[in-house]
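No experiment lies behind these values; they were computed from the predicted model shown.
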Amino acid sequence: MIEANDPTLKPWVEVPENSDFPIQNLPFGIFKTQYLEPGAGVAIGHCILDLTYLHENGFFDELGLPVGVFNQQYLNDFIGLGKKTTSAVRNRIAELLDINNKELQSNKAACAIALIPMEEAEMLMPIKVQNYTDFYSSIEHATNVGTMFRDPDNALLPNWKHIPVGYHGRASSIIPSGVNIHRPKGQTKAPDAELPTFGPSKRLDFELETAFITCKENALGDSISTEKADDHIFGFVLFNDWSARDMQVWEYVPLGPFLAKNFASSISPWIVTMDALEPFRVPGVEQKPEVLPYLEYEGDKNFDVQLEVYLQPQGGEENLICQSNFKHMYWNVNQQLAHHSVNGCNIQVGDMYASGTISGPTPDSYGSMLELAWKGTKPLKLSDGSERKFIEDGDTVIMRGYAQNEGVRIGFGEVKCKVLPAK
């Protein structure tokens, strides 16, 4: 058992009911304040625990951590220490926050410095993304898209049930929650037009995804098995893979997404560790036909994480438009990493691997506007009386996620982004 996951643990820090950040979560992130430079922190209730301060004042002395490992702009060096070390740090933080432990609790001066109200902090990119890959691993999403754009009777391409399909995306345009984006511009071609035109996308969309972050490298030429993949995965974030559908349909043949995807992807700023999600493992869906041996796996590799998408028009209220779940993934993260590296691709610390749109089996669980409004033929009605086929200027898209059982709720916070007019 992972000590920090003990459902009986109670913190001395106040944690509101249904908080995303109980003592059993302890996600890692990078924050700054008016007085503090960027550094590492852990979320607990409505507060951030300053890991730089704790490290510099001896609270992690027995763990032998490198000097300055938390006093950095990114978590790459910390997660690169390996899961044995990062798990020990998380367990130690849980120990310090345990209501029965007085080490930090009784040191009022230290508490006043180490615990920072979230409203006083700005959350930043938690890692420097070395490389970014986007998969296409929801069978419901792939079937819906294939039905819309190809043949409903043959919605999946022949390779889909044999390999976790993916492509290499743009790492530099991944941004944290709260950073707004401008509507992208590019070429589009109307079905009845002879030539393409240039201008702002008219079919801007979100994609509800999660992403995992790697913490261990393999040498060029070596591969990672499904059995060993867990050792390479530090944790997860929510991921909004913004998509310009009208640009995408024109450009994606023959080499796949390009300008339709590379303008922005938004992530939640707190990395929920794989350790914290251990109690929420569930069996994956049945895979037929049988996969090749290098994609075979044992045990429960999917995660029961409830996912929600809200659309907020400018000046209006949030509208819940999608409820899906991470457990719907056809290809799990172990298979994704095994396939990614089976050709000898060298995985690096800080790589980000997005799941692809996570759609469920019912229309209210579809993870994109393309599906929810079915290619614009079934507009969504919002509470203010307006309708949406795709995302409009001034709209804010908010994604939230949490896992819950035995009275413990492990949340991701949110990823929130407003769409501004094209420049």
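- Inspection of the R203 and S201 side chains reveals no N or O donor paired with an N or O acceptor under 3.5 Å.
- Of all heavy-atom pairs spanning L295 and P164, the tightest one is CD1-CD, 4.2 Å.
- Residues F60 and F70 bring their aromatic ring centres within 6.0 Å.
- No hydrogens or angles considered: nothing links the side chains of Q248 and S243 as a donor-acceptor pair under 3.5 Å.
- For the pair P66 and D77, the minimum side-chain heavy-atom distance is 4.5 Å or more.
- The two atoms that bring F21 and G411 nearest to each other are CE2-O, 3.8 Å, heavy atoms only.
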For N5 and D275: C-alpha separation, side-chain torsions, deciding distance, then whether side chain to side chain donor-acceptor pair (under 3.5 Å) applies.
CA-CA 8 Å; N5 291 358; D275 282 354; over 6 Å; no
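- Counting heavy atoms from C-beta on, the side chains of W242 and V419 come closer than 4.5 Å.
- Listed by first then second residue, pairs satisfying side-chain hydrogen bond (donor to acceptor under 3.5 Å, both in side chains) with a partner in residues 149-165 read D151-N154, not counting sequence neighbours.
- No side-chain heavy atom of Y366 sits under 4.5 Å from any side-chain heavy atom of T357.
- In this structure, F263 and S173 have side chains that are not in contact, with every pair of non-hydrogen atoms separated by 4.5 Å or more.
- Ring pair F236/F212 is perpendicular by interplanar angle, where above 60° counts as perpendicular and below 30° as parallel.
- Side-chain atoms of Y310 and Q312 form no donor-acceptor pair, as typed in the model, at a separation below 3.5 Å.
- No donor-acceptor pair closer than 3.5 Å links the side chain of N25 to the backbone N or O of I410.
- Centroid-to-centroid, the aromatic rings of Y136 and H141 come within less than 6.0 Å.
- Here the shortest heavy-atom pairing between A110 and L104 reads CB-CD1, 3.8 Å.
- The existence of a salt bridge linking E103 and R92 is confirmed by a sub-4.0 Å separation between a basic side-chain nitrogen and an acidic carboxylate oxygen.
- With a 4.5 Å cut-off on side-chain heavy atoms, C417 and I181 count as touching.
- Considering all non-hydrogen atoms of both residues, C47 and M118 come closest at O-CE, 3.5 Å.
- In this structure a side-chain-to-backbone donor-acceptor pair under 3.5 Å is present from N180 to K418.
- F280 has its ring centre no less than 6.0 Å from the ring centre of F303.
- K375 forms a cation-pi arrangement with F149, by the criterion of a distance under 6.0 Å to the ring centre and an angle within 45° of the ring axis.
- A heavy-atom distance below 4.5 Å is found between the side chains of H168 and H340.
- We find that K83 and D231 are not joined by a salt bridge, their nearest charged nitrogen and carboxylate oxygen being 4.0 Å or further apart.
- For the residue pair S265 and D241, the shortest heavy atom distance occurs at OG-OD1, 3.2 Å.
- Counting heavy atoms from C-beta on, the side chains of L259 and W250 never come closer than 4.5 Å.
- At a threshold of 4.0 Å, the pair R245-E207 counts as salt-bridged, since one of the basic side-chain nitrogens sits closer than that to a carboxylate oxygen.
- Among D134, L307, V415, the one residue that satisfies the side-chain contact (heavy atoms from CB on, under 4.5 Å) test with E209 is D134.
- Aromatic ring centres of F239 and Y132 lie closer together than 6.0 Å.
- Within the 4.5 Å cutoff, the side chain of M369 has heavy atoms near those of the L380 side chain.
- Minimum interatomic distance between I347 and S341 (heavy atoms only, all atoms of both residues): CG1-CB, 4.2 Å.
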Might you work through the side-chain contact (heavy atoms from CB on, under 4.5 Å) test for E371 and E140, ending with a clear yes or no?
CA-CA 10 Å; E371 297 164 273; E140 288 85 0; 5.8 Å; no
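- By the salt bridge (Lys or Arg N to Asp or Glu O under 4.0 Å) test, E414 pairs with R400, sequence neighbours left out.
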